[in-house]
There are 2 protein chains.
Amino acid sequence: MSEIRYTVGVIGLGLIGGSMALDLKRRGFADTVLGVENDPVAAQAALTIGLVDQVVSYEDCVAKADIVVVAVPVGTAVKMVPDILDRFAAQAAGRAEPFSSASLRDPVRANAPEKGSALPARGEQIVIDVCSTKEQICNATKYHPLRRQFVSTHPMAGTEYSGPWAAQPGLFDGRACIFADAQESAPSALKTIGQLYAVLNMRPLYMNASQHDLHTAYVSHISHVTSFALALTVLEKEQDEKHIFDLASGGFSSTVRLAKSNADMWVPILAQNHDNVLQVMDTYIEKMQEFREAIAAYDENKIRELIAQANKIKKILR
Amino acid sequence: MSEIRYTVGVIGLGLIGGSMALDLKRRGFADTVLGVENDPVAAQAALTIGLVDQVVSYEDCVAKADIVVVAVPVGTAVKMVPDILDRFAAQAAGRAEPFSSASLRDPVRANAPEKGSALPARGEQIVIDVCSTKEQICNATKYHPLRRQFVSTHPMAGTEYSGPWAAQPGLFDGRACIFADAQESAPSALKTIGQLYAVLNMRPLYMNASQHDLHTAYVSHISHVTSFALALTVLEKEQDEKHIFDLASGGFSSTVRLAKSNADMWVPILAQNHDNVLQVMDTYIEKMQEFREAIAAYDENKIRELIAQANKIKKILR
């Protein structure tokens, strides 16, 4: 592990932000964890649980943290990350000789701060996001002069619960973390964030933002939609809630588990990943129709063929 | 627990039959467990693992067991249970004064064996099934003169794995067991089978066979179909299997888990519960379409409303 200990600021003390705060501090990567949380109840809970050392304002966090982790819903993050980069620029300017906003927008300067940079000794601040869709946030920052100080990541871990109460140690252990459009980040920033995720025991994977959004539509977003639809179906038809409770075996519980997921998180994901999600949903609805026709026709051979085909997922999943 | 120890015969040494064999013996309900298994490899495995004391022929099992557990796919069980009741009748006749097949079909005699019955001291044999659909098997036995010696049950437990290798102790602990059309069984048989499931730590629920099939279409069968369709979708579109493996987070794994389920078990369930399953699938496809339209229209309010509605499943599931 790196010997340097960082001041880490976490914006959004929910499941992901809270769990990162917890392990980065426990495992010695963070010297101090500053938290930002709009909801006062969640903020108090985060302090009480001990997820963060202090709850501070957004401005303070961005001013003081070496690494800012943006762990808010993706609709908000898309606006927040460019704002944080703007503040980094202003802060750097304030600490060193002032430079005009014209020079701020000079990509040569921005892309090569190491060479003759006037930045102070503390090193460049870094901002990362941990959102589930990557294309919009990468597009929104693409031409920012400080783009290199942003690392776009997606730690593929979570549960169906949300809020600081849902945070847990070890949440990320052994899971994959995607670095999207890593070539747009400074090597030094990538190295530091690589260490951060190594401390969380995550396996790094590199892909471009649009690949990421396509793959996650298949292996994550569609699962949530099918769970939501399953919950809606059962809730509509099974008026007698007691029966659901009594009869729900492990199979139903695991299939419908994701339907507990938070709307604040999932509305912007589904809206942002619109094209990919619709494409997957259309294929999925076709498969359901195919199944429906086979069952309607009592075509046992066809049902068997579809199930045997689906069973191939065994070879891929652990 | 009952002081009586029974000879239990288990036909079909898969996940359910094997797990029952294991706990009924370990927990002292069964003195001896006889197993019947067509597949010689599975039969040998069941002996090696120690699920049963002996593997015997179907005929021997039905002749010797006090309680016969039919744990085969429901398409087979529908034919097997009436055959076992026929054999019970012939055996009872063989041990007591012979009675003609005319008297065998005499429902008065069959329905009231306690009064002046010529059955031997060992007590009436009982057959139970453990299948996931109940209406056809209850219909197939409805007018059998020995119907009262049959108890139709559905222990609501399982995993996505199959075969004797999948059997596990404690599989049934704390889950619900449905008794379907219990009024058709003799009170003494119900009492004995009630004890059997009490030993397995199951909560008994009583409902008629058609209610059972409707409810399980909602809380079990549809979950399997949605998982199969999800696996088919992802397998078709995600050509790069490595990506599925790398990216699949806990959410995808749990949603697609049931897609590993065995075709031998699920083809007859879906075919037998045809009407209910189609009705649920139609509602489900409508819900998917509703979601699709909301996403296609970027209608964030509608998406939020659908997710909030789906979230109500939280109140019902533990």
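The chains referred to below are lettered A, B, ... by the order of the sequence lines, with proteins before strands, and numbering in each begins at 1.
- The greatest number of non-hydrogen atom pairs below 4.5 Å with chain A, out of V225(B), I303(B), T283(B), L258(B), is found for T283(B).
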*Could you walk me through whether E286(A) and T233(B) pass the side-chain contact (heavy atoms from CB on, under 4.5 Å) check?*
CA-CA 9 Å; E286(A) 272 168 39; T233(B) 303; over 6 Å; no

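- Of the possible donor and acceptor atoms, none in the side chain of T255(B) sits under 3.5 Å from a partner among the backbone N and O of T255(A).
- Taking 4.5 Å as the limit, some side-chain heavy atom of D264(A) sits within range of a side-chain heavy atom of R304(B).
- Atom OG of S220(A) is separated from atom CZ of F252(B) by 10.0 Å, given to the nearest 0.5 angstrom.
- No more than 12 heavy atoms of other residues, nucleotides or ligands shown are found within 6.0 angstrom of CG on N38(A).
- Note that OG of S253(A) and CD1 of I313(B) are 9.0 Å apart. Values are rounded to the nearest 0.5 Å.
- Contact check for S223(A) versus V256(B): no side-chain heavy atoms found under the 4.5 Å cut-off.
- At a 4.5 Å heavy-atom cutoff, T159(B) makes no contact with chain A through either its backbone or its side chain.
- Residue R257(B) touches chain A through its side chain alone, counting heavy-atom pairs closer than 4.5 Å.
- Judged by distance alone, the side chain of S254(B) and the main-chain N or O of S254(A) form a donor-acceptor pair under 3.5 Å.
- Between E236(B) and K287(A), at least one side-chain nitrogen of the basic residue sits less than 4.0 Å from a carboxylate oxygen of the acidic one, meeting the salt-bridge criterion.
- Heavy atoms of V277(B) lying under 4.5 Å from chain A belong exclusively to its side chain.
- Contacts between L306(B) and chain A at a heavy-atom distance below 4.5 Å involve backbone atoms as well as side-chain atoms.
- Note on L278(B), L205(B), L230(B), D275(B): by heavy-atom pairs under 4.5 Å with chain A, the leading option is L278(B).
- Put simply, of F291(B), Y218(B), W266(B), the one with the most heavy-atom pairs under 4.5 Å next to chain A is Y218(B).
- Here the CG atom belonging to L232(A) is positioned 9.5 Å from the CG atom belonging to N311(B), to the nearest 0.5 angstrom.
- Each of H274(A), Q309(A), M281(A) has some count of heavy-atom pairs under 4.5 Å with chain B, and the biggest count is that of H274(A).
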*Can M288(A) and M288(B) be said to form a side-chain contact (heavy atoms from CB on, under 4.5 Å), step by step?*
CA-CA 10 Å; M288(A) 283 298 287; M288(B) 284 297 286; 5.9 Å; no

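- At a 4.5 Å heavy-atom cutoff, the contact between I285(A) and chain B is made by side-chain atoms alone.
- Annotation: maximal heavy-atom pairing with chain B below 4.5 Å, among P268(A), A308(A), S261(A), S227(A), occurs at S261(A).
- Between L235(A) and A310(B) the shortest heavy-atom distance is CD1-O, 3.9 Å.
- Applying the ring pair (Phe, Tyr, Trp, His ring centres under 6.0 Å) test to Y284(B) and every residue at least two apart in sequence or in another chain returns nothing.
- Rounding to the nearest 0.5 Å gives a distance of 8.5 Å between CD1 of I307(A) and CG of N262(B).
- Contacts with chain A (heavy atom to heavy atom, under 4.5 Å) involve these residues of residues 294-302 of chain B, listed by number: I295(B), A296(B), Y298(B), E300(B).
- Looking at L270(B), both its backbone and its side chain come within 4.5 Å of chain A, counting heavy atoms on both sides.
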